[in-house]
Structures are given as structure tokens and as C-alpha cells.
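Single-structure report; data block below.
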Amino acid sequence: MTSSDEEDNLPLVRGAIEARSNDCHVRDWAGILVSIGCVLSGIICITVISLYKEKVKDEYGIVLDAGSSHTQMFIYKWSVGDIIKGTALVKQIGECTVTDEAGHIRGISSYKNPEDAGKSLRGCIENKAKKLIPSYVQDKSPIYLGATAGMRLLNETDFEATSKILKSVRKALAGSPFMFKDDYARIISGEEEGISAWITLNYLKHALDLSVEGNQNQDSKEGTYGALDMGGASTQITFVPTKPAQKQTEIVLFGKEYEPYTHSFLCYGLTEAQRRFFAQLLKVKYGC
């Protein structure tokens, strides 16, 4: 039996028990909601990662060919699934001719004010590259500039001007949303220029061996083509000789080794040849 005091306290005890029970139910529901939230967050994360991987299956790169008479931008795209033994099957998706503020086409070596050389690149970056390459991969897409014979000649006569132009160009490229390091913009040798032309020609002519596991690709042909690349200030000749020759370069493309010979003739480009021709005419006419 309960005393009168216990009977008086009984409603309070029952209320405390019910309140405690309600608190337990609240905590149980809170725990369930937190668990559901964690599961949903995990599902969302997995979905986002999967979508991101789906988006980044394509990769991009930009190359600026800075010649003596003009600079041309080329934008390339390739799939991570189309890399054969370390070499990607690239596709050109766009190009742009660089112009100065007045709309004139000229090489970076011709700028008297070095800062203008870097500024001239921004138009193609903004109007072409940023529009063709998705924003989510721009910081992973490298941008390169290779300066050729025009800058090689300037470097021989005015090293200080050359350095200032390269500094301006690097500043402009570093300010772009694309992946860039200082050594991505430099003066390339005549040999590098010749090899690049040879690779481009033979890739486009399907003359490189793209075979996988020893099976010859149907598009490839027997042998390779020689390349004669005449620019504004130099000319390069590159081919794979039938007999060993000096200055052969070893390169590996699609898992196969090639050893082309290349030689660059500085000052034997089209523009330089015209200058010498006009100089000769003046000499004949005026005897100077």
C-alpha cells in the first residue's frame, strides 16, 4: 500500500517518466534523421564524383606558335581513353590568329614595346580558348608558347629586348585561367621546330604506326614522309634517312621509336629571302 504522501507524488513521478520517454523518442528520431542525412550526403557525393569523372573524360591543351610574321593559337582536345602507349590521338577544335590593338597581324619579336607582345595574346585567349574549353577543366589544361626564328634572330642581336618580350608573354599566360609555368613559354630551337613539323605532317597523313599489341593500324602506311617547313625567318628539313646520319633525334610515338634527321636554316625563310632579294636589287641599281 502507498502512503498519502506517495499518492500525492504519484502524478509527478508519472509525468517525469512520460517526459523522459518523450525525450528518448526525440533522440531516437534525431538519430534516424542524422543517419538518413549521412546516407543522402554519401549518395550525393558519389553522384557528383561520377558526374565529374564523366565530364573530365576529355582533356584539352593550347599551343601558341609564335613565328616571325605572326602568332597562331591552336586548341586541341583528346580523350583519356584514346591514349595509345603514351601518345594521345589529338583533335584540333579551334584556332585563332593573334592581332595587335590596331588589328594588325605581326610576330611578337616585332614589338618595340615588350608589354604589347603579351597584351596581344589576350584576345585569342578570351574570345576563343575560354569559349572552347569548359571552365571546370581550364586550370588543368596547359597552355604553351613556342617562339621560333623571329625570336631566335632577335635574341642574337638584342638579348635584353628578347628577355622583356618573353617576360611580358609569360605574364599574360600566367594571368589566364589555364595551367601555365614559366618554361611553358620559351624560344625553341630550329631542330625542335623541324621535328614538330615532321610529327604534324606524318600524323595528319596517317603515316605513323598506331598499332596496338602488334597489329598494324589500317590507316598507317609503309614508311614516313619528309617535311620541308618554310617559315618567315627560317626553313627546316626533316626526314628519316635510309642510312645513319648525324643529328638524328630519337623520339617515341605510339610506342614506336623513330629517328628523324633534321636541320634548320636560319635566315632562309620566306620573309628573310625577300629582304635579301630586295637588298640585292638596290645594290644592283644604286651600287650600294
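Throughout, numbering of the chain's residues begins at 1 and tracks the sequence.
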Decide whether [X] and [Y] are clustered together by the hydrophobic rule: side chain heavy atoms of Ile, Leu, Val, Met, Phe, Trp, Tyr closer than 4.5 Å, transitively.
| X | Y | result |
| --- | --- | --- |
| Ile187 | Leu153 | no |
| Phe239 | Met230 | no |
| Leu270 | Leu228 | no |
| Val240 | Leu204 | yes |
| Ile84 | Trp78 | yes |

Using the six-membered ring wherever Trp is involved, compare the ring planes of Phe254 and Tyr203 and label them parallel, tilted or perpendicular (cut-offs 30° and 60°). parallel
Can you classify the ring geometry of Phe180 versus Tyr184 as parallel (below 30°), tilted (30 to 60°) or perpendicular (above 60°)?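 Rings of Phe180 and Tyr184: perpendicular, over 60°.
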Using a 3.5 Å distance criterion without hydrogens, assess whether the side chain of [X] forms a donor-acceptor pair with backbone atoms of [Y].
| X | Y | result |
| --- | --- | --- |
| Arg186 | Tyr144 | no |
| Glu192 | Ser189 | yes |
| Ser168 | Glu115 | yes |
| Thr162 | Asp158 | yes |
| Ser68 | Gly150 | no |
| Trp198 | Tyr225 | yes |
| Thr249 | Glu259 | no |

Heavy-atom side-chain contact between [X] and [Y] under 4.5 Å:
| X | Y | value |
| --- | --- | --- |
| Arg170 | Leu166 | yes |
| Gln72 | Thr97 | yes |
| Leu208 | Lys256 | no |
| Thr224 | Leu201 | no |
| Leu132 | Tyr60 | no |
| Leu253 | Asn202 | no |
| Asp100 | Asp116 | no |
| Val169 | Leu64 | no |

Minimum heavy-atom separation for [X] and [Y], please, with both atom names.
| X | Y | value |
| --- | --- | --- |
| Leu266 | Ala149 | CD1-CB, 3.8 Å |
| Gly194 | Thr262 | CA-OG1, 3.7 Å |
| Pro114 | Ile165 | CB-N, 3.9 Å |
| Ser110 | Gly107 | OG-O, 2.7 Å |
| Arg152 | Ser264 | NH2-OG, 3.9 Å |
| Tyr136 | Lys140 | O-NZ, 4.2 Å |

Full working for side-chain contact (heavy atoms from CB on, under 4.5 Å) between Glu59 and Val80: CA-CA 7 Å; Glu59 296 184 357; Val80 295; 3.2 Å; yes
Kindly check if the number of other-residue, nucleotide or ligand heavy atoms within 6.0 Å of CD (Gln246) is above 12? no
Enclosure of Tyr268 OH (heavy-atom neighbours >12, cutoff 6.0 Å):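 Count not over threshold, so no.
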Full working for side chain to side chain donor-acceptor pair (under 3.5 Å) between Thr238 and Gln236: CA-CA 7 Å; Thr238 311; Gln236 287 69 232; over 6 Å; no
Interatomic distance, [X] atom [atom1] to [Y] atom [atom2] [nearest 0.5 angstrom]:
| X | Y | atom1 | atom2 | result |
| --- | --- | --- | --- | --- |
| Gln138 | Phe178 | CD | CZ | 4.5 Å |
| Met73 | Lys128 | CE | NZ | 10.0 Å |
| Thr235 | Glu272 | OG1 | CD | 10.5 Å |
| Met179 | Ile62 | CE | CD1 | 10.5 Å |
| Glu193 | Ile195 | CD | CD1 | 11.5 Å |
| Lys164 | Asn113 | NZ | CG | 9.5 Å |

Step by step, work out the side-chain contact (heavy atoms from CB on, under 4.5 Å) result for Cys267 and Arg276. CA-CA 9 Å; Cys267 295; Arg276 286 200 304 276; 4.0 Å; yes
For Asp65, the option from Leu145, Thr71, Thr148, Ile188 that meets side-chain contact (heavy atoms from CB on, under 4.5 Å): Thr148
Mark yes or no: Arg106 above the aromatic ring of Tyr111, with NZ or CZ under 6.0 Å from the six-membered ring centre and no more than 45 degrees from the axis. yes
